[in-house]
Amino acid sequence: MSRGAALLIGKIAHARKDWEALASILELKEFGSGTRAEFLQNCKAGKYDNVVAIFRSNASTSITGRFDKELVSALPKSLKYICHNGAGYDNIDVDDCTKRGIKITSTPGAVNHATADIAIFLMIGALRQAHKPLAGIRAGKWRGDFTLGHDPNKKILGIIGMGGIGREVALRAKAFGMSVIYHNRTRLSAEREAGAKYVSLKELISQSDVISLNLALNESTRNILGKAEFAEMKTGVVIVNTARSGLIDTEAMIEALDSEKVYSVGLDVYDAEPIVDERLIRNPNIFILPHIGTATYETQKEMEELVLENLKVAVTEGRLLSPIAEQANL
Amino acid sequence: MTKPQVLLLGEIDHAHKAWASISEIADVIEPKARSREEFIKECESGAFDKVVATYRTFQSVAITGLIDEALVKILPKSLKFIAHNGAGYDQIDVHACTAHDIRVSNVPTAVDDATADTNMFLILGALRGFNTSMMALRNGHWKGSPPPPLGHDPQGKVLGILGMGGIGRNLKKKAEAFGMTVQYYNRSKLSEELSGGAKYVSFEELLKTSDILSLNLPLNKQTRHIISTKEFEQMKKGVVIINTARGAVMDEAALVVALEKGQVWSCGLDVFEEEPKVHSGLIANPHVMLVPHMGTWTVETQTKMEIWCIDNVRSAIEKGKLMSPVGEQKDM
């Protein structure tokens, strides 16, 4: 009987050895670079007809485009598992995969520390409106066009989405003297809450000095912060988004920044990455980074290893180490 | 009875109510002088001969110059107290003040949180290598092309704190929340309670074994250039150095060389040897985090600092002693 194959879409930068070690149990195929058209052509031509598992990433979306209905339906019948490198997987059409019996794993856990670290960096940068002095000193203007910022100490941090990342953000925020309130689909155990107060979304929005978005983007969470929500926020609120841009109504956010309802925002994610709205790039009061939440050697390696571990265990044991929430009952 | 005089050197920006209450117990005067030369002349004219205490800011050095032996000598004999608004008081020659029976206070504690926050911000910025990405994005190039090198996580790294005073101890708590292990060197070993379980090491071991080195000590004759070429050579290759203390505790030119050689992977600096001048080698390096001495620049902390300093003035007038005398004068 011929072996099944694993297909690598994109590149593996740190755990290459672990990928190559799979050769003992699987045929290894790669689509390292190319276009969506080329990928679909390869599928049609039967090049992947024995592929049982795919290693893909958020980054590889720039090669194949989204794993939408069109692409998912072109994938080989042999395919059982999509092992995704990324905590967010909104670029995969989960329903279509489930209908085809394809199981998906992601990389929760591995991203938690690095993402929480960047959330705190963005929070301090936004509270201090740090872009102005950072730009000023490099332009030879010392402090430049500079205003006094604010301390996180004694402020209320409202976390929307108290999963692995949200809880790591809470842990760090407490060290900065902040008190934490949170909203989540369900209330956490006292142990996991670690002293954070569970509130309704409405309460969180009206009581927070800083709001951190740490929830997944899907159809029910899109624009969770919209015009109505901005109206209910404290004047001078700071918002941090390291999750997905679609969670915030960007126009409403820009309007709130202009009216100074919102003091500043710290962003790592945008609507149409890598394109960023000029109004954000030109706003000196906000603090922005180009989606580098997990861009460290240690975390990238850990994420790749987790994907490969998922792939190996799925193929050899039929067990999923980190299945996505939507498929938890499959 | 006439009220004693208090000389205001610099500006009160936030604690106006607290400052106004000083007028109930003292007559507040300000210098007309706008330069050191003018200030010296004004002192010698007898304009300040009833001044008992002065509230001075870091920025007032633009008027008086450093409070050195030459200046202390010509200050009015009535002046017994200098309440300095700032944690670092290297602008003041405390030795000369002591010799002239002038007591000096600074502002500890009120600065701790904001300085440690800035310190942690710089640790993250330097370790993660955020500056290149920030600049690329603002220049419309997304992550930049080629994209910048990957950064490093603070998780599991060893943070070496040089100077375990209020700020250093505050930093420890924040760094541990990011999964860092903290060790420190201090003039003297702290109690377990005060050090919070951080490992006390020798200066040499701190240099040799720290992944990130944070400078949190005061600037004085003993600590000037305490970090220079010899010390960089002892550090781990690829070390990250953070300075929120005073620029001159580190040899800035030697730092630039160490960065070029790759001995130091990145740095995060809030202070520089000749502020507002910054070594061109640092400006030219996109991989380092540079901020212009903004450690305590928040509304909340600036207000707290002013109030603390005003309380020192009040204490001097009402009780004849300062609330927070500097360490060197504790037994005066």
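Chain letters run A, B, ... following the sequence lines, proteins first and then strands; every chain starts at 1.
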Applying side chain to side chain contact (heavy atoms under 4.5 Å, CB included) to Ile120(A) and Met120(B), what does each step give before you reach the verdict? CA-CA 10 Å; Ile120(A) 298 296; Met120(B) 202 60 232; over 6 Å; no

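- Only the side chain of His131(A) comes within contact range of chain B, with heavy atoms under 4.5 Å apart.
- The two residues Asp153(B) and Glu298(A) make their nearest non-hydrogen contact at N-OE1, 3.1 Å.
- Atom CZ of Arg192(A) has 12 or fewer neighbouring heavy atoms from other residues, nucleotides or ligands inside a 6.0 Å radius.
- In terms of heavy-atom pairs under 4.5 angstrom with chain A, the leader among Lys174(B), Arg138(B), His293(B) is Arg138(B).
- Between the side chain of Arg128(A) and the backbone N or O of Met294(B) there is at least one donor-acceptor pair closer than 3.5 Å.
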With side chain to side chain contact (heavy atoms under 4.5 Å, CB included) as the criterion, how do Trp142(A) and Val278(B) come out once you've worked through the C-alpha distance, each side chain's angles and the decisive distance to 0.1 Å? CA-CA 9 Å; Trp142(A) 189 235; Val278(B) 177; 4.0 Å; yes

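- Scanning both residues, Thr296(A) and His152(B), for their nearest heavy atoms gives CG2-C, 3.7 Å.
- Using a 4.5 Å heavy-atom cutoff, the side chains of Tyr270(A) and Leu137(B) are in contact.
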Could you please spell out the steps behind the side chain to side chain contact (heavy atoms under 4.5 Å, CB included) verdict for Leu134(A) and Phe130(B)? CA-CA 12 Å; Leu134(A) 279 160; Phe130(B) 282 144; over 6 Å; no

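- Using the six-membered ring where Trp is involved, Phe178(B) and Phe176(A) have ring planes that are perpendicular, over 60° apart on the 30 and 60° scheme.
- In this structure, no portion of Lys301(A) lies under 4.5 Å from any heavy atom of chain B.
- Between chain A and the options Ala177(B), Gly151(B), Ala284(B), heavy-atom pairs under 4.5 Å are most frequent for Gly151(B).
- Interatomic distance, Gln155(B) CD to Thr299(A) OG1, rounded to the nearest 0.5 Å: 8.0 Å.
- Classification of the Phe121(B)-Phe287(A) ring pair by plane angle, with boundaries at 30° and 60°, yields tilted.
- Looking at every heavy atom in both residues, Arg128(B) comes nearest to Asp117(A) through NH1-CB, 4.0 Å.
- Nearest heavy-atom pair across Asp151(A) and Ala114(B) is OD1-CB, 3.7 Å.
- Across all non-hydrogen atoms, the minimal contact from Arg138(A) to Ile283(B) is NH1-O, 2.9 Å.
- No side-chain donor-acceptor contact under 3.5 Å links Arg143(A) to the backbone of Pro276(B).
- The interface of residues 241-251 of chain B with chain A, defined by heavy-atom distances below 4.5 Å, is empty.
- Among Met135(B), Lys173(B), Glu275(B), Gln302(B), the residue with the largest count of heavy-atom pairs under 4.5 Å with chain A is Glu275(B).
- Of the two parts of Leu280(A), only the backbone, made up of N, CA, C and O, holds a non-hydrogen atom closer than 4.5 Å to a non-hydrogen atom of chain B.
- Across all non-hydrogen atoms, the minimal contact from Pro152(A) to Asp117(B) is CD-OD2, 3.3 Å.
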